[in-house]
Structures are given as structure tokens and as C-alpha cells.
Amino acid sequence: MKRLDWFVARRYLSSARKGRFGSFSTMISILGVAVGVMALLVVIAVMTGLQRDLQAKILGSSPHVYVMGPAGDFRVGNWQQAMAEARETPGVVGAEPFTYNNVVLVRPSDIKWSKPAILQGIDPLASKVPLTQVERDIREGNLPWGPTRSGLPGVLIGYRLATEMRLFTGDTVVIATFENLEPTAFGGISPNMESFEVTGTFETGMYEYDRMNVYADLAAAQAFAGLSPDTVAGIAVNVVDPWRADEMARTIEERLGGSQAYSTRTWTSLNGALFNALKLEKLAMSVILMLIILVASFNIVSTLMMLVTEKTREIGILKSMGMTDASVLRVFMVQGLIIGLVGTSLGLVAGLGIVYVIDRFGLIDLPPEVYFLDKLPVKLDPVDVGLVVIVSLLIAFLATIYPAWRASRLVPVEAIRHD
């Protein structure tokens, strides 16, 4: 680009023949682009942060694949053979049996304190590697799992559930279930009930997990649910690549004899609705906020059109002195690109700064019962940042085309006579 084109473009942006309105209009256009880019970056960071944080917490709190009975039944007999087959599947890093029961927790000292929960029976040492963070903490000794002082079976309770029920380590809690009921001698039914000792509490960071999940030793959970030692609810499996869990689930299912014998569920399918909602919300918010940048592009169009009108006589003089139509076209395109570049840069710096402050200091609290999290997480993907910058500059460039074309088409004689 010729120095003359750059010089004229810069002069036109920084001053106006009548007062400073041209410069003020340019600043408004720049701020419009900056606000749009800043808002878009912050929203994308929030939506990406929510998605990534939830994924990390779910992956740390639940296995990647669940192998169950046909049609999703929580009954798998001869589970030792099924687990051995699952472990031998290429891509599997660990597998272990589990039980799963919907239960009610009751404080013996005050039966009014009762809460629904999910009792899961696990064997933390059954797999070569721990499948969840809770199992990892048990192996490392951070969560007590050994014999209890009372001799009762021990349970680990989510800290939110323990807080709501005012349960502490060493307390006794009665667990009742209405699953696998058998008629009484009088022909009625009564829930299965058993006393457990609270050995400790755990925290996953997932609100629902911490207020619903209860873990007990596999053998104790089997006895409570009325299952034989040869029967469990299913086999929990972790794979090398959690993002290929669906593919691995199909492979495991086929290896075990197909859907007639076993069924599989994955962490992605169990939480698919949540992640699809987040993706849709991210897309919707991005489109809406992109309109801010689009509105700012109209400011660029109006600014350049005013400059064309104001500088008509000067353009005519320059063209009569030898400036070509292409040079005039470049002058006004450069002006639009400068506005877009400066506005995008300011918005980028402001957006990254806001994201850093939110992430560093955790300024925004969330209701955990709604969002599963108690703090607003933010995470910026470099691809998202690059896409925002490219789209912003592209919109700014497109906004320059019509005003630049109008300026380049001016006839020198008529332009000089313009008043």
C-alpha cells in the first residue's frame, strides 16, 4: 500500500473539516466494536467454562461406561466373568462391580430427619486404577473406609447431605429401601432397613452428587439389597479416552454377547441433555451478541459515509491531481479496517481482563441447586478467541465496501464543485 493512501486515511479518521465530529464519530464506532467483542468473549468464556467444569467434575465423580443387564436392568449375574471380559477389551483401563439402590436416610434420634439418597456399593480395590475421585481418596487414605467402631457397616456420605441431616463421623444412620421387597408374615410389605455408621463425608464439587450419593462396601450393599454375592447392579468401566466412551461401550457390549445379554450406558449419554442445553445456550448467546458487532458495523458505515460527504471536494482535488479510483477505494477501506482493528483489540484486551478477574477471584456465586456449581467458572478456548477476532475484522471490512465504492466513483469535476 502506498504511503499516500495510509496518510490520507489516517488524517480523515483523526480530524474533520468542520469541528471534531468526524473524530468523535470514529471513537463511537471503535467503542461499539470493542463492546461487542468484549461481551462476546466474556459470554463464550462463561459458557465454555461451565461446560468444561461440569465435564471435569462428572468425569471425576462417575465411571465412563456402565455395563448392566438387558434393557438397562440393574441386575448382572455371574459378574466376575463379565468384568473379566470387559477388562480384556482394548482401550479399557479399569473395571469393577457396583450396586445401585434408591434409598431413604433416617436419623435414629429424630425420624423427622429423613432424606432421599442413592446408595452405591463399591469395592475401591477391585480395579487396577481408581475409577472415581472418591475411590482415589479412599486408596490414598484421605477418606476412611476401614472397620467401624460400632461394628456396623460403614458409609461415606456427600457433605451436603450430611450437613442437611446434621450427621457427623461416628453417627449411626438408618438406611431404608423399597426395592426388592418381600411380603411379611401378615401379607403386607415393609421396607428393608439397616443401620450404618458414618465413616466420613466426601465432596465432589457437584451439588447433586454431594447431596444424593452415599457409598458403602460392596458386600454390605449387596446384603442390604438382598443380592447374592454373585449378583451386582452392573460393571463400572473406565476407558483410555473418555470422549470415545460411546464407541467403547458398543465394543464392550458386542464382546459380552450383544444387547440381548447386556446393555451399556455412558457418561455422555447420561448427561447428554445437560451438555446439549449448554451448547445450544452458548450458540444462542453468541449469535445474539454477534449482533452487537453487527450494529457497530453500521456505525462504521455511517461514519465513512459522512466522511465521504464531508471530504467530497478534497477527494475531487486528489483525483484531479492523479489519485486513482483504486487508491481512493483503499483510503476508505483502510479507515474501516483501522476502526475494526482498534475496536477489536480494545475489546480483546478488556474481555481477557474481565475473564481473568472472574477466574482469579471467583467474584460471581451461583445457586448450586440450579447450576450444580457454586462459583461461575470461565475458560477461553484459543479457537473461540481467534474466531471472534476474525469475525469482528471481517464484519468491519465488509462495512467499508459500500462507502469506499461510493468515494471511488466520484467524478473529480463534480466533486470539486460540491458544496
Side-chain angles (χ1 to χ4, degrees), residues 55 58-103 118-136 138-139 177-182 192 209 213-276:
Q55 288 173 349
I58 290 173
L59 284 172
S61 304
S62 60
H64 304 158
V65 179
Y66 295 92
V67 180
M68 299 170 291
D73 295 337
F74 283 105
R75 287 293 181 274
V76 174
N78 191 21
W79 58 267
Q80 295 90 342
Q81 181 179 350
M83 184 175 68
E85 288 288 338
R87 286 176 174 175
E88 292 176 3
T89 304
V92 171
V93 297
E96 65 184 41
F98 72 92
T99 62
Y100 184 99
N101 293 95
N102 291 298
V103 298
I118 297 172
L119 175 64
Q120 299 186 50
I122 61 174
D123 183 354
L125 304 179
S127 173
K128 293 186 299 182
V129 296
L131 303 190
T132 64
Q133 184 60 46
V134 169
E135 292 185 1
R136 184 174 292 106
I138 291 173
R139 289 192 179 195
T177 180
F178 287 88
E179 299 179 3
N180 302 322
L181 297 179
E182 294 183 0
N192 296 325
Y209 285 36
N213 285 359
V214 177
Y215 293 98
D217 180 73
L218 179 65
Q222 284 175 308
F224 172 75
L227 301 177
S228 67
D230 195 44
T231 303
V232 294
I235 307 297
V237 179
N238 271 16
V239 298
V240 174
D241 185 1
W243 304 105
R244 296 181 56 206
D246 291 332
E247 178 185 340
M248 290 297 303
R250 290 190 293 268
T251 302
I252 294 171
E253 187 175 304
E254 293 173 0
R255 188 182 182 95
L256 293 176
S259 59
Q260 298 300 321
Y262 296 92
S263 62
T264 55
R265 300 290 298 275
T266 65
W267 73 277
T268 53
S269 63
L270 291 172
N271 300 279
L274 174 62
F275 291 125
N276 287 335

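None of the values given here were measured: they were computed from a predicted structure.
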Does the pair Leu227 and Thr99 meet the rule for a side-chain contact (heavy atoms from CB on, under 4.5 Å), with working shown? CA-CA 9 Å; Leu227 301 177; Thr99 62; 4.1 Å; yes
Worked verdict on Met68 versus Asp73 for side-chain contact (heavy atoms from CB on, under 4.5 Å): CA-CA 6 Å; Met68 299 170 291; Asp73 295 337; over 6 Å; no
Treating Arg265 as the side-chain partner and Tyr66 as the backbone partner, does any N or O pair qualify as donor plus acceptor under 3.5 Å? no
Do Glu253 and Thr264 get their side chains close enough for a donor-acceptor pair, meaning under 3.5 Å? yes
Does a side-chain heavy-atom distance below 4.5 Å link Phe178 with Asn102? no
Rounded distance [0.5 Å steps], CE in Met83 versus CZ in Arg87: 3.5 Å
For Val232 versus Pro97, what's the shortest heavy-atom pair and its separation? CG1-CB, 3.9 Å
Heavy-atom side-chain proximity of Asp241 to His64 below 4.5 angstrom: no
Of all the heavy-atom pairs spanning Trp267 and Pro242, show the shortest one and how long it is. NE1-O, 3.0 Å
Once the angle between the rings of Tyr100 and Phe74 is folded into 0 to 90°, is it parallel (under 30°), tilted (30 to 60°) or perpendicular (over 60°)? parallel
Yes or no on side-chain contact (heavy atoms from CB on, under 4.5 Å) for Lys128 and Val93, after CA distance, side-chain angles and deciding distance? CA-CA 8 Å; Lys128 293 186 299 182; Val93 297; over 6 Å; no
With a 4.5 Å heavy-atom cut-off, do Leu119 and Thr177 have their side chains touching? no
Between Arg75 (side chain only) and Gly69 (backbone N and O only), is there a donor and an acceptor less than 3.5 Å apart? no
Separation of Gln133 CD from Ile138 CD1 (nearest 0.5 Å): 10.5 Å
What distance do Asn213 atom CG and Gln120 atom CD have between them, rounded to the nearest 0.5 Å? 5.0 Å
Minimum heavy-atom distance between Gly234 and Val76, given as atom pair plus value: CA-CG2, 3.8 Å
Shortest non-hydrogen separation from Leu125 to Arg139 and the atoms involved: CA-NH2, 3.8 Å
Flag side-chain contact, heavy atom, 4.5 Å: Asn78 against Asp230: yes
Report yes or no: does Asp217 contribute a side-chain atom to a donor-acceptor pair with the main-chain N or O of Ala219 at less than 3.5 Å? yes
Measure the shortest side-chain to side-chain distance between Thr132 and Pro63 over non-hydrogen atoms and say whether it is less than 4.5 angstrom. yes
Atom CG in Leu59, atom CG in Leu131: separation rounded to 0.5 Å? 12.0 Å
For Thr231 and Gln222, run side-chain contact (heavy atoms from CB on, under 4.5 Å): C-alpha distance rounded to whole Å, both residues' side-chain angles, the deciding distance at 0.1 Å, then the answer. CA-CA 8 Å; Thr231 303; Gln222 284 175 308; 5.7 Å; no
Main-chain N/O of Pro229 paired with Trp79 side-chain donor or acceptor, under 3.5 Å: yes
Is there a side-chain contact between Ile235 and Tyr262, using heavy atoms and a 4.5 Å cut-off? no
Atom of Ser127, atom of Gly94 and distance for their closest heavy-atom approach: OG-CA, 3.3 Å
Ignoring hydrogens, what is the shortest heavy-atom contact between Asn238 and Pro130? Give both atom names and the distance. ND2-O, 4.4 Å
Do Thr89 and Met248 touch side chain to side chain, with heavy atoms closer than 4.5 Å? yes
Distance-only, no hydrogens or angles: does the Asp123 side chain make a donor-acceptor pair with backbone N or O of Leu218 under 3.5 Å? no
Between Val103 and Val214, is there a side-chain heavy-atom distance shorter than 4.5 Å? no
With no hydrogens and no angle check, just 3.5 Å: does a side-chain donor-acceptor pair link Thr268 and Asp246? yes
